[in-house]
Protein chains: 2
Amino acid sequence: MRPKRYDWRTGCSVEATLSVIGGLWKAVILFHLLEGKRRFGELSRLVPGTTQRMLTLQLRELEADGVISRTVFPEVPPRVEYELTEFGRSLEPILLTMRDWGLSFQSRRLGEPKPAKDLAA
Amino acid sequence: MRPKRYDWRTGCSVEATLSVIGGLWKAVILFHLLEGKRRFGELSRLVPGTTQRMLTLQLRELEADGVISRTVFPEVPPRVEYELTEFGRSLEPILLTMRDWGLSFQSRRLGEPKPAKDLAA
DNA sequence: CTGGATCCCCACGGATACTG
DNA sequence: CAGTATCCGTGGGGATCCAG
């Protein structure tokens with residue numbers, strides 16, 4: 001049995017949140033879905049560093065949690081679109097807050113002349 | 001250093017944020033530190049599901065990133081206190097947003113008699 | 001184009017014992 | 001009390017091939 005890492009029942013509220021968006025690339029995926037529907041290939045390009053396999057797995061879990069919807073178009077070149085559900089959209093405040101902090105963090109780091117410990121971090 | 005999972009330089013803003021709080025239990029740890037200083041043993045109890053080793057590792061990384069400070073009291077029964085730095089406190093909006101969503105999620109789930117995957121409204 | 005199925009490996013993380 | 005050191009198992013995730 002997989003005791004999972006996070007337990008939304010016994011854990012604190014943050015832990016509950018992580019049980020949904022705690023996956024490796026979930027937050028990043030959801031962030032890119034804020035702007036609208038995305039095809040699999042788009043997400044693949046938007047999230048470099050992840051493999052197709054990982055992307056698929058993460059998308060499946062998000063779908064299972066009711067955060068995103070998956071629409072398959074029965075076309076000859078297959079097309080699949082992922083979209084936030086109403087429930088998934090409720091995560092927007094979190095994602096936007098993370099984006100804001102990230103932007104600030106990035107510019108802060110870029111402004112630093114020399115990192116204290118060049119290799120790490 | 002290994003390319004790690006997240007790269008705040010090449011990735012999107014959310015990815016940059018995850019490079020700091022993306023660790024397994026980092027968000028949970030930081031959340032508990034919002035209320036003030038915590039001793040190692042306290043955190044250990046506050047974050048069930050994590051081992052001392054993991055807790056130590058996560059704390060070390062957070063410290064290396066300048067998010068928390070570690071104070072050692074040279075007492076006979078050793079005492080170590082962890083506290084958010086000013087920089088770490090800048091993460092508060094994220095943590096609080098996650099807490100809020102988690103609370104809502106928990107109560108929502110508790111009210112559900114059966115898991116519903118199709119939620120139109 | 002969008003994945004599913006498989007194989008494989010290592011590094012992540014658990015458990016335990018020890019120390020200042 | 002607050003770790004560190006060590007060993008070790010596992011499963012997470014990469015790579016590859018195949019399919020609709």
Side-chain angles (χ1 to χ4, degrees), chain A residues 1-7 10-11 15 18-29 32-33 37-65 68-83 119-120, chain B residues 1-7 10-11 15 18-29 32-33 37-65 68-83:
Chain A
M1 186 59 184
R2 47 246 97 130
K4 267 296 186 184
R5 338 204 85 134
Y6 310 110
D7 190 341
T10 67
E15 203 169 324
L18 289 176
S19 71
V20 176
I21 63 167
L24 240 337
W25 298 100
K26 289 184 181 177
V28 179
I29 293 172
H32 288 300
L33 287 177
K37 308 176 180 182
R38 293 289 188 187
R39 298 185 56 176
F40 183 84
E42 287 183 292
L43 289 175
S44 197
R45 267 173 278 113
L46 287 169
V47 190
T50 192
T51 59
Q52 288 164 348
R53 171 191 154 84
M54 266 315 290
L55 188 55
T56 301
L57 290 174
Q58 299 282 290
L59 287 169
R60 287 292 174 282
E61 289 187 17
L62 288 172
E63 188 189 3
D65 285 335
I68 65 174
S69 65
R70 178 171 179 266
T71 307
V72 181
F73 295 83
E75 302 172 357
V76 175
R79 182 159 58 107
V80 179
E81 286 185 347
Y82 294 92
E83 189 178 11
L119 285 187
Chain B
M1 200 52 183
R2 49 237 86 122
K4 263 300 183 186
R5 343 202 85 137
Y6 310 110
D7 189 341
T10 67
E15 202 169 324
L18 288 176
S19 71
V20 176
I21 63 167
L24 240 335
W25 298 100
K26 288 183 182 177
V28 179
I29 292 171
H32 288 300
L33 286 177
K37 307 176 180 181
R38 293 291 189 186
R39 299 185 55 174
F40 184 84
E42 286 183 292
L43 289 174
S44 196
R45 266 172 278 113
L46 286 170
V47 190
T50 194
T51 59
Q52 288 166 349
R53 172 190 154 85
M54 265 314 292
L55 188 55
T56 301
L57 290 174
Q58 299 283 291
L59 287 169
R60 287 293 175 281
E61 290 187 16
L62 288 171
E63 187 188 3
D65 285 333
I68 64 174
S69 64
R70 178 170 178 268
T71 308
V72 181
F73 295 83
E75 303 173 355
V76 176
R79 182 159 57 107
V80 178
E81 285 186 348
Y82 294 92
E83 190 179 9

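Numbered from 1 within each chain, the chains take letters A, B, ... in sequence-line order. Every heavy atom of this structure was used, including side-chain atoms; hydrogens, water molecules and symmetry mates were not. Since this is a predicted model, take the numbers as computed values, not measurements.
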Is a donor on one side and an acceptor on the other found under 3.5 Å between the side chain of [X] and the backbone of [Y]?
{"X": "A:Arg38", "Y": "A:His32", "answer": "yes"}
{"X": "A:Tyr6", "Y": "B:Trp25", "answer": "no"}
{"X": "B:Ser44", "Y": "B:Phe40", "answer": "no"}

First of A:Glu42 and B:Gln58 reached from the 5' end of DNA chain C, by closest nucleotide: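 Closer to the 5' end of DNA chain C: A:Glu42.
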Shortest non-hydrogen separation from A:Leu24 to B:Leu18 and the atoms involved: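 Taking A:Leu24 first and B:Leu18 second, the nearest heavy atoms are O-CD1, 4.3 Å.
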Nearest atoms (heavy-atom pairs only) where B:Asp65 meets B:Lys26: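 Shortest heavy-atom contact: OD2-NZ, 4.5 Å.
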Protein-nucleotide distance ([X], atom [atom1]; [N], atom [atom2]), rounded to Å:
{"X": "B:Glu75", "N": "D:dC1", "atom1": "CD", "atom2": "P", "value": "13 Å"}
{"X": "B:Phe40", "N": "C:dG20", "atom1": "CZ", "atom2": "C1'", "value": "15 Å"}
{"X": "B:Leu55", "N": "D:dC1", "atom1": "CG", "atom2": "P", "value": "15 Å"}
{"X": "B:Leu57", "N": "D:dA2", "atom1": "CG", "atom2": "P", "value": "17 Å"}
{"X": "A:Arg45", "N": "C:dT2", "atom1": "CZ", "atom2": "C1'", "value": "13 Å"}
{"X": "A:Ile29", "N": "C:dG3", "atom1": "CD1", "atom2": "C1'", "value": "14 Å"}
{"X": "B:Gln52", "N": "C:dG14", "atom1": "CD", "atom2": "C1'", "value": "12 Å"}
{"X": "A:Leu59", "N": "C:dG3", "atom1": "CG", "atom2": "P", "value": "7 Å"}

Nearest to the side chain of [X], heavy atoms from C-beta on, is which of [options]?
{"X": "A:Leu24", "options": "C:dG3, D:dG13, D:dG3", "value": "D:dG13"}
{"X": "B:Pro78", "options": "C:dG3, D:dG3, C:dG20", "value": "C:dG20"}
{"X": "A:Thr51", "options": "D:dG3, C:dG3, D:dG14", "value": "D:dG14"}
{"X": "A:Arg60", "options": "C:dG3, D:dA2, D:dT4", "value": "C:dG3"}

Most 5' of A:Met54 and B:Arg79 on DNA chain D, judged by nearest nucleotide: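 Its nearest nucleotide being more 5', the pick is B:Arg79.
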Short side-chain N/O contact to C:dG4 OP1/OP2 from A:Arg53, under 4.0 Å: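 The answer is no; no side-chain N or O of A:Arg53 sits under 4.0 Å from OP1 or OP2.
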Phosphate contact (D:dA2 OP1 or OP2) by B:Arg39 side-chain N/O below 4.0 Å: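 Affirmative; the distance criterion is met.
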Sugar-phosphate only, base, or nothing, as touched by A:Tyr82 at under 4.0 Å among non-hydrogen atoms: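 Sugar-phosphate, backbone atoms only, no base.
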